[in-house]
Amino acid sequence: MTSTTGEPVVVVSRRIGAPAEEIFRILADPGRHPDLDGSGMLRGGVSDAVVSGVGDVFVMRMHYERYGDYEMNNHVVEYEPDRRLGWEPRPGRGHPDATAPGAAWGHRWIFDLLPDGAGATVVTETFDGSRMPEDKRAEVDSGRAWWQTQMASTLERLAELCAARYAVTALGRSRTAAEETRPPA
């Protein structure tokens, strides 16, 4: 599901065949973010630290044609284990806005996880640009310019990563983690 309301918020959802706690574990590990990135901009984390709560900051190496190589300092603003993780990016080392007054645009990336039956979760990724200054919102078309497609790609990659992680090949047949835990018939 993809949704925009005309507001500076973009929402994309997908049902993924993995438990919420396993998906959260992946999302809370910035080192895994390049594996999920649907934008092609992430180059890797600066440290191996896993997000553990509000107030944490994780730094990601990025590349964007317009800016070249730079870093983003991601301030964790929402953290509910196995349910919600959100951060507010701020320009870091090498970003042209890093030392500019008001460099924090105020936008947020949020992932909500809603368990949906045995071994499945509805994952909703939200770009919330409602706190962005009007000129920055216009610059990115309130997130609609290209993020919808990239967010859908991110959730597709997350689903693929979860499927690969939980798939077990037995007698040439792939089975899900849920199938693995069922007793034989």
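Computed from a predicted model, the values in this text were never measured in an experiment. When reading the values below, keep in mind they use all heavy atoms of this one structure, side chains included, and skip hydrogens, waters and symmetry mates.
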Discussion item. Can you tell me how far apart OG (S153) and CD (E125) are? Round to the nearest 0.5 Å.
Written reply: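 So the gap between those two atoms works out to 10.0 Å.
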Item to complete: Would you give the length of the straight line joining atom NE2 of H95 to atom CG of N73, rounded to the nearest 0.5 angstrom?
Response: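 Answer rounded to 0.5 Å: 10.5 Å.
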Is any side-chain heavy atom of [Y] closer than 4.5 Å to one of [X]?
X: Y79; Y: W87; value: no
X: T121; Y: D116; value: no
X: L42; Y: M62; value: yes
X: C162; Y: I26; value: yes
X: L155; Y: L36; value: no
X: M151; Y: W109; value: yes

Locate the shortest heavy-atom distance separating [X] from [Y]; write the atom from each residue and the value.
X: G68; Y: Y70; value: O-CD2, 3.2 Å
X: T124; Y: S13; value: OG1-OG, 2.7 Å
X: P91; Y: M72; value: CA-SD, 3.7 Å
X: R131; Y: G106; value: CB-O, 3.3 Å

Worksheet entry | Intermediate values then yes/no, side chain to side chain contact (heavy atoms under 4.5 Å, CB included), F58 and V76 | CA-CA 8 Å; F58 63 95; V76 177; 4.1 Å; yes
Practice prompt. Start with the C-alpha gap between L113 and L27, add the side-chain angles, then the distance that decides, and say whether side chain to side chain contact (heavy atoms under 4.5 Å, CB included) holds.
Written response: CA-CA 11 Å; L113 310 177; L27 294 172; 4.1 Å; yes
Worksheet entry | Partner residues of D37 under the salt bridge (charged side-chain N to carboxylate O under 4.0 Å, His left out) criterion, sequence neighbours left out | none
With hydrophobic residues grouped by side-chain heavy-atom distances under 4.5 Å, do [X] and [Y] end up in a single group?
X: V123; Y: L161; answer: yes
X: V51; Y: I110; answer: no
X: Y64; Y: V46; answer: no
X: M41; Y: V12; answer: yes
X: L114; Y: L85; answer: no

Fill in: Qualifying residue for side-chain hydrogen bond (donor to acceptor under 3.5 Å, both in side chains) with D69, from R61, R43, H63
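Of R61, R43, H63, side-chain hydrogen bond (donor to acceptor under 3.5 Å, both in side chains) with D69 is met by H63 alone.
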Item to complete: May I ask you to decide whether E22 forms a salt bridge with R25, counting only side-chain N to carboxylate O separations under 4.0 Å?
Response: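 Between R25 and E22 there is a salt bridge, with a charged N closer than 4.0 Å to a carboxylate O.
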Discussion item. Suppose the criterion is salt bridge (charged side-chain N to carboxylate O under 4.0 Å, His left out): which pairs have a residue in residues 77-95, not counting sequence neighbours?
Written reply: E71-R93, E78-R84, E78-R108, R84-D112, E88-R90, E88-R108
Worksheet item: Can you name the residues that form a side chain to side chain contact (heavy atoms under 4.5 Å, CB included) with A159, not counting sequence neighbours?
Response: R14, I16
Worksheet item: Can you tell me if T126 uses its side chain to pair, donor with acceptor, with the backbone of D128 under 3.5 Å?
Response: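 Side chain of T126 to backbone of D128, a donor-acceptor pair under 3.5 Å: no, none is there.
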Practice prompt. Carefully, step by step, assess M60 and N74 under the rule side chain to side chain contact (heavy atoms under 4.5 Å, CB included).
Written response: CA-CA 8 Å; M60 297 300 295; N74 298 286; 3.5 Å; yes
